[in-house]
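Note that the coordinates shown come from a computational prediction; the quantities given were computed from them, not determined experimentally. All heavy atoms count here, side chains included; hydrogens, waters and symmetry mates do not. Each ligand, and each atom within it, is numbered from 1 in the order the structure gives. By convention here, the first residue in the shown sequence is residue 1.
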Amino acid sequence: MTHTNTSTWGKIEAPAVLVTRKLPDAVEDRLRRTYKAFLNPDDRLYSSDELLNKASEADIIIACHTEKFTADVIARLPERVVAICNFSVGYDHVDTAAAKSRGIIVTNTPDVLSDATAETAMLLLLGAARRASEGEMLVRTRQWRDWSPSFMVGLQVTGKRLGILGMGRVGQVMAQRARGFGMEIHYHNRRPLDPAAEHGAIYHPTVDNLLPHCPFLSIHCPATPETQGLLDARRFGLLPKNAVVVNTARGAIIDDDALIAALRSRQIFAAGLDVFNNEPEIHPGYRELTNAFLLPHIGSATRETRDAMGFRALDNLDAIVAGREPKDRVA
Ligand code: 8YV
């Protein structure tokens, strides 16, 4: 595909866009105004074969993290597919090297979901620290029979230290929100932020340096081959005893067996998790833990953010069709 080719589309017929999942109405309306849209009104999850079959009529695919574009799937995509515009900031579900080698453009939707995701991280941090899951279960199952000064005592968040692993867009919003709770921010990132953007946060050059300073830890780095299983038994062992671990990034960053063992032994006080390895078939060990506060990957699930993600994906699509460089190109 070349940009010269794509920019001629408008003169022949509207480019065909396959949308893998049901998107907000306003987003689908805008899409339909300009393109030949193949939508998924029932929001069915396509198998790879179905996806490939449907892609036979598409020039561009708007995809979510639920569709896995492995090297094999990308190799089997029809010749006419020129771009995958993701409705997500994370793009670990796309083999970008394979896409690049076939000349398929890949985009994502950064920025627009930082507030919503940081809200979820804060919810998990507070919920895990204050034993929200356990408390809610007591109420719902009529096991709440009594009150005493020692009943359901959790950890106070205010004024504590928060470690942020990955100080990108979401990590920085999380830091800002946590400062509202008087938290002191420590972080690790591939590079330190400019001092003006740090707002006093303390940089640690390695993950191992950061962890001993973190009674609370929130994960905000992308899933890459380098971060796969980054938080393993050894690294969990570097956290202070009774730490709280929160993950709104990707399940792949955590070694599930190691976290479950640390939660069972109470070496880690609690975890708040919105993302998991192998979603939605998560490690069964999590379901048994009362000190795990679990959400079903809803980090960015607010009305405003879903619309904004869709419009951002369409902005990228429009740019590609017009032969311009899309703002959020990742491959
Ligand atoms: C999205 C996410 O809801 O954008 C991301 O990377 O993890 C989620 O917040 C999901 O990926 C949409 O495809």
Side-chain angles (χ1 to χ4, degrees), residues 17-28 31 39-40 43-48 51 60-70 73 83-96 99 106-125 164-174 177 218-224 227-228 246-254 272-282 294-317 326-331:
V17 180
L18 171 67
V19 183
T20 61
R21 305 301 301 263
K22 171 80 186 89
L23 298 183
D25 290 342
V27 176
E28 292 189 346
L31 180 75
L39 304 177
N40 182 355
D43 200 27
R44 255 182 356 95
L45 182 60
Y46 298 146
S47 68
S48 296
L51 178 69
I60 294 182
I61 303 175
I62 297 186
C64 293
H65 78 279
T66 42
E67 288 74 52
K68 310 293 174 217
F69 290 90
T70 59
V73 169
I84 301 167
C85 294
N86 287 300
F87 179 91
S88 66
V89 65
Y91 50 91
D92 49 302
H93 57 287
V94 181
D95 187 324
T96 48
V106 183
T107 60
N108 71 340
T109 57
D111 299 321
V112 291
L113 42 63
S114 305
D115 284 334
T117 308
E119 279 181 9
T120 303
M122 209 61 222
L123 168 69
L124 290 171
L125 185 77
I164 295 187
L165 185 52
M167 197 60 137
R169 300 171 185 90
V170 183
Q172 289 179 53
V173 178
M174 179 60 177
R177 301 293 172 261
S218 191
I219 302 167
H220 297 285
C221 57
T224 63
T227 61
Q228 166 107 26
V246 166
N247 191 6
T248 51
R250 283 292 182 266
I253 297 156
I254 285 181
L273 306 173
D274 182 51
V275 288
F276 303 85
N277 284 296
N278 200 31
E279 296 170 8
E281 299 307 320
I282 67 170
L294 311 173
L295 294 178
H297 200 146
I298 54 165
S300 61
T302 67
R303 289 182 183 161
E304 297 87 336
T305 296
R306 287 284 179 255
D307 281 352
M309 290 167 74
F311 293 138
R312 186 90 175 212
L314 292 191
D315 291 347
N316 287 316
L317 192 159
K327 191 169 172 190
D328 306 312
R329 184 171 184 165
V330 295

message: Ring-plane angle category for His93 and Phe69, please: parallel below 30°, perpendicular beyond 60°, tilted otherwise.
response: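 Tilted.
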Among all protein heavy atoms, pick out the one at the shortest distance from [atom]; state its residue, atom name and that distance to 0.1 Å.
atom                    : answer
atom 12 (C) of ligand 1 : Phe87 O, 3.0 Å
atom 10 (C) of ligand 1 : His65 ND1, 3.1 Å
atom 4 (O) of ligand 1  : Val89 N, 2.8 Å

Output the distance between atom [atom1] ([X]) and atom [atom2] ([Y]), rounded to the nearest 0.5 Å.
X     : Y      : atom1 : atom2 : value
Thr20 : Leu51  : OG1   : CG    : 7.0 Å
Leu39 : Leu18  : CG    : CG    : 9.0 Å
Ile60 : Leu317 : CD1   : CG    : 4.0 Å
Cys85 : Asn108 : SG    : CG    : 10.5 Å

List every atom of ligand 1 that sits less than 4.0 Å from any heavy atom of [X], numbering the atoms from 1 in the order shown and giving each element.
X      : value
Ser300 : 1 (C), 3 (O), 8 (C), 9 (O)
Arg250 : 2 (C), 5 (C), 6 (O), 7 (O), 11 (O)
His297 : 2 (C), 7 (O), 8 (C)
Gly90  : 4 (O), 5 (C), 6 (O)

message: Please work out, at 4.0 Å between heavy atoms, whether the side chain, the backbone, both, or neither of Arg306 comes within that distance of ligand 1.
response: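 Under 4.0 Å from ligand 1, Arg306 contributes side-chain atoms alone.
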message: I need the contact type for Leu113 against ligand 1. Using non-hydrogen atoms and a strict under-4.0 Å cut-off, is it side chain, backbone, both or neither?
response: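 For Leu113, the contact with ligand 1 is made by the side chain alone.
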Min side-chain heavy-atom separation Arg169-His220 under 4.5 Å: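 A side-chain contact under 4.5 Å is absent here.
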message: Check Lys327 with Asp315, please: is the shortest side-chain N to carboxylate O separation under 4.0 Å?
response: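 Salt bridge between Asp315 and Lys327, a charged N being under 4.0 Å from a carboxylate O: no.
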